[in-house]
Amino acid sequence: MHNVSTDHVELDDLDSSWAPREPDSTAARKVSEEEEEKAYSEFKQECRKGAPIIRDYMSDAGMPKGDPWLNTNRLVEKHDSDLCKDWANDVDTLLTFTGLFAATVTAFVIESYQWLQPDAVEITVMFLARISEQLANPGNTTAASIPTDFSPAPSVKRINIFWILSLTMSLMTALIGILCKQWLREYQKDASLPFTDMLSVRQMRLEGFKFWRVEDILSYLPLLLQIALLLFFIGLLDLLWHL
């Protein structure tokens, strides 16, 4: 009986030694936690070194200070304020130059547009010459006629086309610039709402800003004014070539 019991115990020990063992996940979990802590400590160090905006809202322990919604709203407001400020300054400079340029082109257009019509001075001189001839020869009853075959020179037509197009594009630049200023003002308008709602409103405005491609329009405004300048100089060179 004693031998049978011993054999039974040895058989149980043999079965337990060959039983499948569960994977030891404690060591893997420990390594993962150490990696996360190391990455988080590196992130905190980077925030303290090169991100002063984030550093202002983090404590020495690396945790956010104050209300997270308030901190997020302040970060978003600072980002939008700096971005819109740069755009607004560019638009103001562009509008100032556009106003001066449009006034200059308008003076040239007023003068060149008269070249498309018959010269009133020449017509007056012609009438006076005909009247003088009739007074000198009373028998001559030929009536003075107004010339109807006047046609401006091709260069005059080209110059007016270039300058009128230049003036039109400069006025379009001013109009689009004013609209962009209004968009920027509405984008930064304070909604006087809770922080969570303000972030939602800001996101809605940002999506509309991107949908209407306001950023692309702002980048194309200088190009539009440069085209207007090019057209004006082409007309000016055409005028100087035919002097």
With rounding to the nearest 0.5 Å, note down the distance linking [atom1] in [X] to [atom2] in [Y].
{"X": "L75", "Y": "L199", "atom1": "CG", "atom2": "CG", "value": "10.0 Å"}
{"X": "L225", "Y": "L221", "atom1": "CG", "atom2": "CG", "value": "9.0 Å"}
{"X": "L165", "Y": "I227", "atom1": "CG", "atom2": "CD1", "value": "11.0 Å"}
{"X": "Q114", "Y": "L116", "atom1": "CD", "atom2": "CG", "value": "10.0 Å"}
{"X": "L179", "Y": "W183", "atom1": "CG", "atom2": "CH2", "value": "5.5 Å"}
{"X": "K85", "Y": "D90", "atom1": "NZ", "atom2": "CG", "value": "12.5 Å"}

Are [X] and [Y] grouped together when hydrophobic residues (ILVMFWY) are joined by side-chain heavy atoms under 4.5 angstrom apart?
{"X": "L100", "Y": "V91", "value": "no"}
{"X": "V156", "Y": "L237", "value": "no"}
{"X": "W115", "Y": "W241", "value": "no"}
{"X": "Y220", "Y": "L224", "value": "no"}
{"X": "L239", "Y": "L230", "value": "yes"}

Any donor-acceptor N/O pair, [X] side chain to [Y] backbone, under 3.5 Å:
{"X": "R205", "Y": "K189", "value": "yes"}
{"X": "T168", "Y": "I164", "value": "yes"}
{"X": "W163", "Y": "F232", "value": "yes"}

Heavy-atom side-chain proximity of [X] to [Y] below 4.5 angstrom:
{"X": "S170", "Y": "V105", "result": "no"}
{"X": "F162", "Y": "L236", "result": "no"}
{"X": "F233", "Y": "S166", "result": "no"}

Q. Are the aromatic ring centres of F209 and W87 under 6.0 angstrom apart?
A. yes

Q) So with a 6.0 Å cut-off around CD of E186, is the heavy-atom count from everything else above 12? A) yes

Q. Just wondering, more than 12 heavy atoms not from H242 lying within 6.0 Å of its NE2?
A. yes

Search all heavy atoms of [X] against all heavy atoms of [Y] and return the closest pair with its distance.
{"X": "L171", "Y": "A102", "result": "CD2-CB, 4.3 Å"}
{"X": "G235", "Y": "I159", "result": "O-CG1, 3.7 Å"}
{"X": "Q188", "Y": "S81", "result": "NE2-CA, 3.5 Å"}
{"X": "L95", "Y": "T173", "result": "CD2-O, 4.5 Å"}

Q: Report the C-alpha separation of V76 and M198 in whole Å, then their side-chain angles, then the decisive distance to 0.1 Å, and conclude whether the side-chain contact (heavy atoms from CB on, under 4.5 Å) test is met.
A: CA-CA 10 Å; V76 170; M198 288 180 66; over 6 Å; no

Q: Go through the steps for Q203 and L206 under the test side-chain contact (heavy atoms from CB on, under 4.5 Å), then give the verdict.
A: CA-CA 5 Å; Q203 183 64 27; L206 180 62; 4.2 Å; yes

Q | Stepwise side-chain hydrogen bond (donor to acceptor under 3.5 Å, both in side chains) test for D238 and S155 | A | CA-CA 7 Å; D238 198 352; S155 61; 5.3 Å; no

